[in-house]
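If you're wondering where the values come from, they're calculated on a predicted model, not measured in any experiment.
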Amino acid sequence: AEATQYTNAWVTFNSLEKSWAYRQDQLPSTHPIMANIRDLEDVEVNFDGITYAKGASVLRQLVAWVGQDSFFEGVAEYMRKHHHSNATLSDLLVELEKASGRDLSAWSDVWLQKAGVTTLRPVIETDDAGIVTAFAVAQEVPEAWPTQRPHRLRIGGYDVREDGTVERATLVETDIDGPLTPVPDFVGKPRPALVLVNDDDLAYAKVRLDEASLATAVAHLGGFTDPLPRSMVLAAAWDMTRDAETAPSQFVDLVLGAIGSESQSTVTLMLLRQLSTALGLYVDPARSRVACERAADALWTLASSAEAGSDNQLQFVRAFANLAKTDAQLDIVQEIIDEARHLDGLPLDTDLTWDLLIALVAGGRAHEIAIELQLSRDATASGQRRAAHARAALPTAEAKRAAWDALVNAAPGEDLPNALQFETTAGFNRVNDTALLEPYVTEYFASLRRIYDTKTNEMATNLIEGLYPAQLAGRVVDLQEHADAWLAANEDAHDALKRLVIEGRDGVRRSLAAQARDAVG
């Protein structure tokens with residue numbers, strides 16, 4: 001970010017790596033960065049968002065905690081003293097302490113040897129004139145991992161200009177520690193329209209927007225001139241949605257209202273993934289179909305007005321095809337693939353053709369003949385993978401059974417290669433009617449031990465995670481009863497297998513809480 005042309009690298013980091021870390025760190029299976037490794041399976045299962053993404057985030061916080069100049073000075077001395085020899089974590093911390101004057105023994109304990117992510121929330125009081133009379137940051141800890149951590153962070157105050165742009169007017173850098181930390185720098189000044197705790201993204205913590213700041217974000221998100229705070233506001237809104245603090249439908253509206261002006265392709269990618277998750281898992285099932293239809297229409301409008309040849313244009317078309325369900329929407333998909341409808345700057349290449357065809361297949365508009373015809377035009381390894389996806393997406397009981405048997409019930413030595421397994425799993429889950437998945441719930445739990453015992457660790461993990469019937473949450477089947485019954489009956493199963501089931505169960509728990517929040521608006 002500082003030494004190359006990639007000046008927005010921290011925006012990508014916030015959107016991809018940190019969202020991965022936060023999700024992993026809130027699962028019941030979370031663990032400290034310094035994990036207890038007992039056997040090879042512990043190694044394999046801990047290649048996760050905590051070891052990698054949280055580790056990177058905490059390293060960034062360490063730089064902020066000691067100061068960048070002191071950090072580099074300490075690292076340089078560490079390298080000089082220990083070159084061509086072994087070194088320990090304490091050797092590094094000793095040099096950073098000398099360079100910065102900061103005590104890092106307690107810091108190392110709470111950051112590297114304790115699990116969980118804390119939540120930082122602004123607590124603001126104002127008088128009738130809008131002048132801040134009290135300002136503090138509350139640090140909330142998860143019940144299972146009640147660790148208060150020190151944070152070196154920045155707090156930004158943003159105002160809306162007459163032209164609609166949102167710009168930072170105040171920036172305070174401070175240490176946050178304990179349940180409540182006063183920040184007197186804001187007292188006596190007009191309350192900013194939006195307060196962003198952890199501005200510039202130095203700390204590792206979930207961030208909340210107070211009610212007034214959230215309202216500003218909803219109304220003016222496209223007005224941010226800097227992509228990083230815009231990304232952080234969106235990340236905060238997503239965390240609030242996942243934690244059932246705000247209605248998922250509100251997050252859908254926020255994304256659809258802001259994504260058209262997003263300039264960072266990676267942020268657009270993540271927002272579209274989050275939009276899909278919100279619509280498929282978090283929106284109240286009673287209104288999800290209508291919400292999906294509205295979102296698909298909005299995405300087509302965005303695609304039609306996007307800059308010709310831009311990444312956003314392509315991503316909006318793909319997202320539209322992924323959500324297309326109504327006759328009118330599928331008509332548009334058909335017209336694009338038939339080249340009867342054109343968007344300037346959007347070539348109908350092989351990858352996009354497969355995306356559109358799979359949408360038609362899932363919608364019942366295309367069948368095996370169309371898949372074979374496209375495969376004859378793309379007789380590559382990639383074409384074989386996409387064809388597997390398409391066949392598994394056929395909306396018939398026969399197609400779903402064939403895909404399931406290929407994934408779960410293959411004879412010894414006939415397992416699908418990893419890439420085909422991934423695509424077939426994605427196609428199996430691609431349904432416009434979740435009733436097609438209901439018959440497999442009981443079979444899923446009955447097959448878990450056999451999958452884990454007979455397949456490689458990677459294949460078993462991908463199958464167990466990928467086939468977990470989370471799309472049925474809040475619909476017909478009580479998934480939690482199935483998971484609880486399996487865990488009770490399989491106490492002797494390997495911890496890594498039980499971890500996968502516990503994580504799947506927790507994902508359903510989040511879905512149910514979010515759906516309940518969405519139902520009340």
field: Sub-4.5 Å side-chain heavy-atom contact between Leu234 and Leu254
entry: yes
message: Looking at Arg121, is its backbone amide N or carbonyl O close enough to the side chain of Glu140 to form a donor-acceptor pair, meaning the two atoms are under 3.5 Å apart?
response: no
Step-by-step salt bridge (Lys or Arg N to Asp or Glu O under 4.0 Å) determination, Asp492 to Lys498: CA-CA 9 Å; Asp492 62 329; Lys498 289 189 289 187; over 6 Å; no
query: For Gln264, does its backbone N or O pair with a side-chain atom of Glu262 as donor and acceptor, under 3.5 Å?
result: yes
query: Is there a side-chain contact (heavy atoms from CB on, under 4.5 Å) between Gln24 and Lys54 once you walk through the steps?
result: CA-CA 9 Å; Gln24 194 86 45; Lys54 183 180 179 179; over 6 Å; no
message: Is it the case that over 12 heavy atoms from other parts of the model lie below 6.0 angstrom from the CZ atom of Arg449?
response: yes
- request: Could you give me the CA-CA distance, side-chain angles and deciding distance for Leu89 and Leu112, then say whether side-chain contact (heavy atoms from CB on, under 4.5 Å) is met?
  value: CA-CA 11 Å; Leu89 173 64; Leu112 302 181; 3.6 Å; yes
query: Cationic tip of Lys400 within the cone over Phe428's six-membered ring, i.e. under 6.0 Å and within 45° of the normal?
result: yes
query: Any side-chain heavy atom of Val267 sitting closer than 4.5 Å to one from Pro227?
result: no
message: Within the 4.5 Å heavy-atom criterion, are Asp518 and Arg287 side-chain neighbours or not?
response: yes
N/O donor-acceptor pair under 3.5 Å between Gln471 side chain and Thr434 backbone: no
query: Which pair of non-hydrogen atoms, one from Ser249 and one from Val283, has the smallest distance, and what is that distance?
result: OG-CG1, 4.1 Å
message: Can you give me the closest heavy-atom contact between Ala473 and Val508, atom names plus distance?
response: CB-CG1, 3.9 Å
message: Under 3.5 Å, is there a donor on one side chain and an acceptor on the other for Ser231 and Ser15?
response: yes
- prompt: How long is the gap from CD on Glu293 to CG on Leu279, to the nearest 0.5 Å?
  reply: 11.5 Å
field: Straight-line distance of Thr241 OG1 to Trp238 CH2, nearest 0.5 Å
entry: 6.5 Å
message: If you compare all heavy atoms of Phe320 against all heavy atoms of Ile332, which two are closest, and at what distance to 0.1 Å?
response: CE2-CG2, 3.8 Å
query: Judged by atom type as modelled, is there a donor-acceptor pair below 3.5 Å linking the side chain of Ser213 to the main-chain atoms of Val195?
result: yes
- line: Between Leu407 and Leu467, the two heavy atoms sitting closest are CD1-CD2, 4.1 Å
- prompt: Distance from Leu436 atom CG to Glu438 atom CD, nearest 0.5 Å?
  reply: 9.0 Å
task: Quick one: do Arg386 and Gln374 satisfy side-chain hydrogen bond (donor to acceptor under 3.5 Å, both in side chains)? Show the steps, please.
output: CA-CA 10 Å; Arg386 302 308 300 278; Gln374 178 58 23; over 6 Å; no
field: Any donor-acceptor N/O pair, Tyr22 side chain to Ala205 backbone, under 3.5 Å
entry: yes
query: Are side-chain heavy atoms of Gln148 and Thr118 found at a separation under 4.5 Å?
result: no
field: Backbone of Glu481 reached by a side-chain donor or acceptor of Asp478 within 3.5 Å
entry: yes
- prompt: Looking at Trp10, is Arg60 sitting on its ring face, NZ or CZ under 6.0 Å from the six-membered ring centre and within 45 degrees of the normal?
  reply: yes
message: For the backbone of Gly466 and the side chain of Asn429, can you confirm whether one donor and one acceptor N or O come within less than 3.5 Å of each other?
response: yes
- prompt: Would you say Glu245 and Asp239 make side-chain contact, with heavy atoms under 4.5 Å?
  reply: no
- prompt: Sub-3.5 Å donor-acceptor pair from the side chain of Glu414 to the main-chain atoms of Ala410, do we have one?
  reply: no
query: Hey, mind stepping through Ser310 and Gln315 against side-chain contact (heavy atoms from CB on, under 4.5 Å) and telling me if it holds?
result: CA-CA 9 Å; Ser310 64; Gln315 292 200 65; over 6 Å; no
query: Is Arg401 paired with Glu443 through a side-chain N to carboxylate O contact shorter than 4.0 Å?
result: yes
- line: By side chain to side chain contact (heavy atoms under 4.5 Å, CB included), Gln384 pairs with (sequence neighbours left out) Leu375
Distance in Å, Leu487 CG paired with Leu448 CG, rounded so as to fall on 0.5 Å steps: 9.5 Å
message: Keeping Ser19 on the side-chain end and Leu16 on the backbone end, is there a donor-acceptor pair under 3.5 Å?
response: yes
task: Can you measure from CG (Asn198) to CG (Leu153) and round to the nearest 0.5 angstrom?
output: 5.5 Å
query: Got a sec, which residues hit side chain to side chain contact (heavy atoms under 4.5 Å, CB included) with Gln61, two or more places apart in sequence or on another chain?
result: Ala64, Trp65, Trp107, Trp111, His151, Arg152, Leu202, Ala203
message: Closer than 4.0 angstrom, basic N to acidic O: yes or no for Asp201 and Arg154?
response: no
- line: Taking every heavy atom of Phe251 against every heavy atom of Ala278, the minimum-distance pair comes out as CD2-CB, 4.2 Å
task: Would you check, one step at a time, whether the test side-chain contact (heavy atoms from CB on, under 4.5 Å) holds for Ile155 with Asp199?
output: CA-CA 5 Å; Ile155 305 171; Asp199 204 358; 6.0 Å; no
message: Donor-acceptor check, side chain of Glu465 to backbone of Gly504, threshold 3.5 angstrom: yes or no?
response: no
message: Check this for me: does any side-chain nitrogen of one of Asp284 and Arg517 sit under 4.0 Å from a carboxylate oxygen of the other?
response: no
- request: Taking only Lys NZ, Arg NE, NH1 and NH2, and the carboxylate oxygens of Asp or Glu, determine whether Asp48 and Arg499 approach each other closer than 4.0 Å.
  value: yes
field: Salt bridge Glu368-Arg391, side-chain N to carboxylate O under 4.0 Å
entry: yes
- prompt: Is it the case that Asn432 and Arg289 place a side-chain donor and acceptor less than 3.5 Å from each other?
  reply: no
task: Determine whether Pro122 and Val137 make a side-chain contact, defined as any pair of heavy atoms from C-beta on separated by less than 4.5 Å.
output: no
- prompt: Does a side-chain N-to-carboxylate-O contact under 4.0 Å join Arg294 and Asp297?
  reply: no
task: Output the distance between atom CG (Asn14) and atom CZ (Arg230), rounded to the nearest 0.5 Å.
output: 11.5 Å
- prompt: At their closest point, which heavy atom of Leu479 faces which heavy atom of Pro469, and how far apart are they?
  reply: CD1-O, 3.0 Å
query: Should Arg450 and Asp453 be marked as a salt bridge (Lys or Arg N to Asp or Glu O under 4.0 Å) after you check the CA-CA gap, both sets of side-chain angles, and the distance that decides it?
result: CA-CA 5 Å; Arg450 176 168 53 84; Asp453 291 340; over 6 Å; no
field: side-chain hydrogen bond (donor to acceptor under 3.5 Å, both in side chains) assessment of Ser29 paired with Glu503
entry: CA-CA 7 Å; Ser29 56; Glu503 289 179 352; 2.4 Å; yes
Close side-chain approach of Gln250 and Val218, heavy atoms under 4.5 Å: yes
- prompt: Within a strict 4.5 Å, meaning less than it, do heavy atoms of the Arg505 and Tyr468 side chains meet?
  reply: yes
